[in-house]
J.: 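Here's a structure for you.
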Protein chains: 2
Amino acid sequence: MSDYSSIEALRSKGLKVTPQRIAVFEAVLKRKNHPTAIEISEYIKKEHPHISVGTVYKVLDLLVEKGLLKKVKSEKEVMRYDAFTSPHHHLYDSESDRIMDFEDPELDRILRDYFSRKNIEGFRIKDISLQIIGEFHQKNNKKISV
Amino acid sequence: MSDYSSIEALRSKGLKVTPQRIAVFEAVLKRKNHPTAIEISEYIKKEHPHISVGTVYKVLDLLVEKGLLKKVKSEKEVMRYDAFTSPHHHLYDSESDRIMDFEDPELDRILRDYFSRKNIEGFRIKDISLQIIGEFHQKNNKKISV
DNA sequence: CTCCTCAAAGATAATCATTCTCCTTTAAGA
DNA sequence: TCTTAAAGGAGAATGATTATCTTTGAGGAG
């Protein structure tokens with residue numbers, strides 16, 4: 001509980017150290033299976049029954065912003081659809097919710113080579129796609145394909 | 001409108017051909033920018049003001065299931081959190097909502113090499129992560145790292 | 001071509017994650 | 001210790017998605 005290192009981590013980012021922040025941060029550190037905000041909230045209720053879900057969300061956002069945690073999956077919770085054409089990857093603008101396609105047969109070949117060499121035991125691959133997160137630094141609306 | 005090929009596509013999958021299905025499918029084909037279900041719903045309202053959102057969701061799910069469309073981003077809409085450690089990728093079980101880590105320095109090196117060679121104009125990369133979708137064929141709960 | 005039947009669609013309520021609002025509390029520097 | 005802006009609490013609001021339940025219509029049988 002209240003591991004010294006998590007307090008240090010918060011302080012190193014110039015954040016106010018509160019019991020809520022310590023609890024949320026340590027919950028994510030402790031749990032290995034990519035917990036959701038709700039799961040984290042349930043988990044810390046055992047020790048701190050008074051911490052509200054809203055606070056958990058706020059703390060998580062803050063910790064992601066400061067680089068102490070990482071969000072897995074979408075930046076936005078919305079599902080998007082794509083006509084099934086050739087395999088391609090996606091560029092995500094971290095500043096907006098813009099998504100663009102990226103396709104390159106060479107990349108696909110490289111990945112195919114790698115994964116046929118490197119077998120993942122107990123797992124059969126059906127599809128691979130890259131999320132390339134970054135920033136567009138010019139207005140660009142056409143499909144990118146190299 | 002009611003492009004012959006979309007009707008053919010539906011029929012080839014053994015699906016009942018309805019105006020709603022044609023409208024939704026063609027909307028996704030026509031729009032290039034990864035529309036959300038809501039956007040599709042708005043879009044087809046111009047031509048078919050009576051099609052309900054529920055129907056749009058049902059049709060999209062069906063088309064994804066039949067392989068005519070693809071979902072971009074998360075299988076579930078939930079956000080998950082991860083302590084920020086070394087860069088790693090994720091294995092998604094298509095049968096459940098299980099997510100596991102996958103890390104391999106060699107893969108990271110390959111990707112780094114590729115992207116430093118292949119510059120994407122107008123885009124500055126901040127992070128890259130692979131979504132590897134497939135099926136676990138054994139009960140496996142430990143972190144996979146090759 | 002008409003009729004039948006079951007799958008599909010419509011309308012709307014319910015659910016669930018997430019965000020917002022607004023009031024109260026508290027960390028931490030003076 | 002005191003002050004104050006930042007943080008937290010409670011719960012309402014929002015927005016996407018799903019469920020329910022009734023009505024409609026696609027498409028095969030005759």
J.: Pick the nucleotide of DNA chain C nearest each of B/Gly54 and A/Lys58; which residue has the one closer to the 5' end?
T.: B/Gly54

J.: Which heavy-atom pair separates B/Lys16 from B/Arg21 by the least distance, and what is that distance?
T.: O-NH1, 2.9 Å

J.: Identify which nucleotide among C/dA11, C/dA17, D/dT17 has an atom closest to any side-chain atom of B/Ser52, counting heavy atoms from C-beta outward.
T.: C/dA11

J.: Looking at B/Arg109 and B/Asp113, does any basic side-chain N land under 4.0 Å from a carboxylate oxygen?
T.: yes

J.: For the helix from C/dC1-D/dG30 to C/dA30-D/dT1, what angle separates the axis at the start from the axis at the finish, each from five pairs, in steps of 10°?
T.: 30°

J.: Verify the contact: side-chain N or O of A/Tyr57 to OP1 or OP2 of C/dT19, cut-off strictly under 4.0 Å; return yes or no.
T.: no

J.: Do A/Glu26 and A/Ser6 have a side chain donor and acceptor closer than 3.5 Å?
T.: yes

J.: Please verify the inter-ring angle class for A/Tyr114 with B/Phe102; under 30° counts as parallel, over 60° as perpendicular, anything in between as tilted.
T.: perpendicular

J.: Rounding to an integer number of Å, can you tell me how far B/Leu60 CG sits from D/dA16 P?
T.: 14 Å

J.: Nearest to the side chain of A/Ile51, which nucleotide is it out of D/dT18, D/dG9, D/dG8?
T.: D/dG9

J.: I'd like to know if the side chain of B/Ser41 and the backbone of B/Ala37 have a donor-acceptor N/O pair within less than 3.5 Å.
T.: no

J.: Would you say B/Asp108 and B/His89 are linked by a side-chain donor-acceptor pair, where the criterion is simply a distance under 3.5 Å?
T.: yes

J.: Given atom CG of B/Leu62 and atom C1' of D/dT18, what is their separation to the nearest angstrom?
T.: 16 Å

J.: Rounded to whole angstroms, how far apart are CD on A/Glu65 and P on D/dA6?
T.: 14 Å

J.: What is the distance from CG of A/Leu63 to C1' of D/dA7, rounded to the nearest Å?
T.: 13 Å

J.: Atom CD1 of A/Ile38 and atom P of C/dT18: how far apart are they, to the nearest Å?
T.: 6 Å

J.: OP1 or OP2 of C/dG10 less than 4.0 angstrom from a side-chain nitrogen or oxygen of B/Gln20, does that happen here?
T.: yes

J.: Without decimals, in angstroms, what is the distance between B/Ile22 CD1 and C/dA9 C1'?
T.: 14 Å

J.: With the criterion being N/O to N/O and under 3.5 Å, what pairs connect the protein with nucleotides 24-28 of chain C, and how long is each?
T.:
{"from": "C/dA27", "atom 1": "O3'", "to": "A/Val17", "atom 2": "O", "distance (Å)": "3.4"}
{"from": "C/dA28", "atom 1": "OP1", "to": "A/Val17", "atom 2": "N", "distance (Å)": "2.6"}

J.: Any heavy-atom pair between the side chains of B/Phe115 and A/Leu130 that's under 4.5 Å?
T.: yes

J.: A/Leu10 has an atom CG; how far is it from atom P of D/dA6, in whole Å?
T.: 18 Å

J.: Quick one: is D/dA26 close enough that its OP1 or OP2 comes under 4.0 Å of any side-chain N or O from B/Arg21?
T.: no

J.: Within the structure provided, determine whether A/Gln20 and A/His48 are in side-chain contact (heavy-atom separation under 4.5 Å).
T.: no

J.: Rounded off to whole Å, could you give me the NE2-to-P distance for the B/His50 and D/dT23 pair?
T.: 18 Å

J.: Is the shortest side-chain heavy-atom distance between A/Tyr43 and A/Arg31 below 4.5 Å?
T.: yes

